[in-house]
Amino acid sequence: DSSNADVANFTWTKFFKNMATFKGDLSSLTAPPFILSPVSLTEFSQYWSEHPDLLLATNNKGQQFEPKFDDVEYTDELNQFLFVVRWFISTLKSQYCSRNESMGSEKKPLNPFLGEVFVGKWEHEEPLGTTFCLSEQVSHHPPITAYSIFNDTNEVSLQGYNQAKLNFSSAMLSVKQFGHALLKVGKTNEYLITVPTLHIEGLMAAAPYVELESKTYIQGSAGHFAVIEYTGKGWMSGKKNSFKCKIFNCKQDYDNETKPLFVITGQWSGLSTMYTGDDEKKKKNPKTFYDAAREAKDVLSVKPIEEQNELESRRAWKDVAEAIKEGDFNKIHQTKTVLEESQRALRKKEEEAGHKWETRWFDLVPVDEDHNTGFVKLSSLAQLSMEDVPSGTIAGSKNEAKWLVNDKVAKHWRFNRQKWDEETEIKI
Ligand code: 0T9
């Protein structure tokens with residue numbers, strides 16, 4: 001029906017124009033219903049483990065990584081590092097393509113309220129066992145989500161936090177991510193993982209999708225270092241969602257332009273190929289590294305809404321989500337207002353009582369001699385900034401200086417396992 005299409009078009013154009021001039025928080029922008037997602041950003045944490053078998057394979061227990069190359073010397077640590085890289089590459093399709101797959105395009109997620117949580121688990125038979133996923137909105141202004149994904153059976157745990165800073169320029173939405181992830185495998189091995197800058201394409205056509213840019217890094221505690229560079233369509237006439245990952249024994253080898261141990265190229269949403277550093281240029285002896293189409297994702301199991309706590313995402317947003325699915329503009333507005341006003345009332349009550357909202361499972365931990373020691377070690381090895389700057393910023397770079405606002409000690413959100421073990425109100 002053409003009149004309906006006109007309405008949709010008009011509202012998109014208007015939204016698009018508003019977006020071009022918006023400052024700060026996108027949540028304040030009214031968007032046409034068809035571009036709204038009924039899913040909150042706290043749910044995005046699950047994207048880190050939609051292939052739990054690949055995450056848990058990082059505790060390889062001496063297993064040989066496949067594909068294997070005859071002319072490479074593999075140590076246990078190198079093997080483990082390769083399992084980490086494969087798992088990381090496997091998360092990208094979930095992180096950046098899943099809304100397009102489930103809803104036809106990228107959509108504006110629900111902006112989580114302070115203290116909102118999302119929890120679930122992936123249950124498997126031994127040897128995998130159960131993997132838990134905890135996600136908590138630790139800040140509302142600015143919006144910051146912290147997460148912890150752990151499996152005690154296999155001694156694998158991931159934690160991190162994320163804040164997206166948006167910038168609109170020349171019909172393009174550019175997004176810088178703040179925060180990073182830390183993966184712990186077994187008793188001693190740790191990995192620092194940074195996350196990419198991205199931009200939203202297809203805005204003009206009202207069919208938005210994510211493309212990644214720049215570089216991210218993985219630094220292992222045994223020294224191994226990976227740099228992953230992202231490019232899209234039209235970049236040297238490449239394909240969408242392309243990447244090139246170089247793996248080195250250590251960061252110095254990268255700095256000295258030593259030949260990498262391995263090079264992996266391809267699409268993170270599709271097929272990627274692994275070469276030894278010697279063979280990559282000649283495209284000799286290619287071996288499949290990962291095929292994102294290979295297997296279906298493992299769906300996180302979440303309690304039915306009736307059994308959820310009021311702070312749990314799907315319960316709290318139930319009415320809004322329904323209104324969005326119905327495409328009912330007025331109902332969306334009404335239900336959202338109810339939620340926002342009750343949040344405002346809560347904050348007011350706290351202020352009057354003279355106390356602040358306390359985060360549930362995460363603490364803001366300073367970077368000093370006694371804290372964040374694993375993070376300090378890994379950042380130093382990789383020469384990455386420990387400050388509150390975009391993920392993957394190089395320490396001492398001009399770019400780092402640009403983001404530093406004062407000389408306060410930086411703080412990062414960290415999981416407090418004890419707080420979770422003592423949790424009584426929220427169950428998985
Ligand atoms: C952490 C991820 C993040 C969150 C999303 C920018 C974005 C919110 C943040 C960074 C996850 O681990 C990875 C994936 C996608 C990111 C989202 C893509 C997006 O468009 C939204 C922003 C807030 C918008 O909704 C922009 C307006 C909309 C009209 C575009 C569809």
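Keep in mind that the numbers below use all heavy atoms, side chains included, and drop hydrogens, waters and symmetry copies. Whatever order the structure lists them in is the order used to number ligands and atoms, beginning at 1.
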Handout entry: Residue from Glu201, Glu106, Lys240 passing side-chain hydrogen bond (donor to acceptor under 3.5 Å, both in side chains) with Tyr209
Key = Glu201
Practice task
Step by step, work out the side-chain contact (heavy atoms from CB on, under 4.5 Å) result for Asn162 and Ile144.
Solution key: CA-CA 6 Å; Asn162 190 281; Ile144 302 174; over 6 Å; no
Handout entry: Heavy-atom donor-acceptor pair, Trp48 side chain to Gln95 backbone, under 3.5 Å
Key = no
Do any nitrogen or oxygen atoms of ligand 1 lie under 3.5 Å from a protein nitrogen or oxygen, and which ones?
residue: ligand 1; atom: 12 (O); partner: Gln95; partner atom: OE1; Å: 2.6

Exercise for the section: Check side-chain contact (heavy atoms from CB on, under 4.5 Å) between His124 and all other residues, then give those that pass, not counting sequence neighbours. Expected result: Pro52, Trp122, Leu128, Asp298
Exercise for the section: Would you verify whether the NZ or CZ of Lys246 falls within 45 degrees of the ring axis of Tyr254 while also being under 6.0 Å from that six-membered ring's centre? Expected result: no
Completion exercise
In Lys61, Lys187, Lys184, the residue satisfying salt bridge (charged side-chain N to carboxylate O under 4.0 Å, His left out) with Glu155 is Lys187
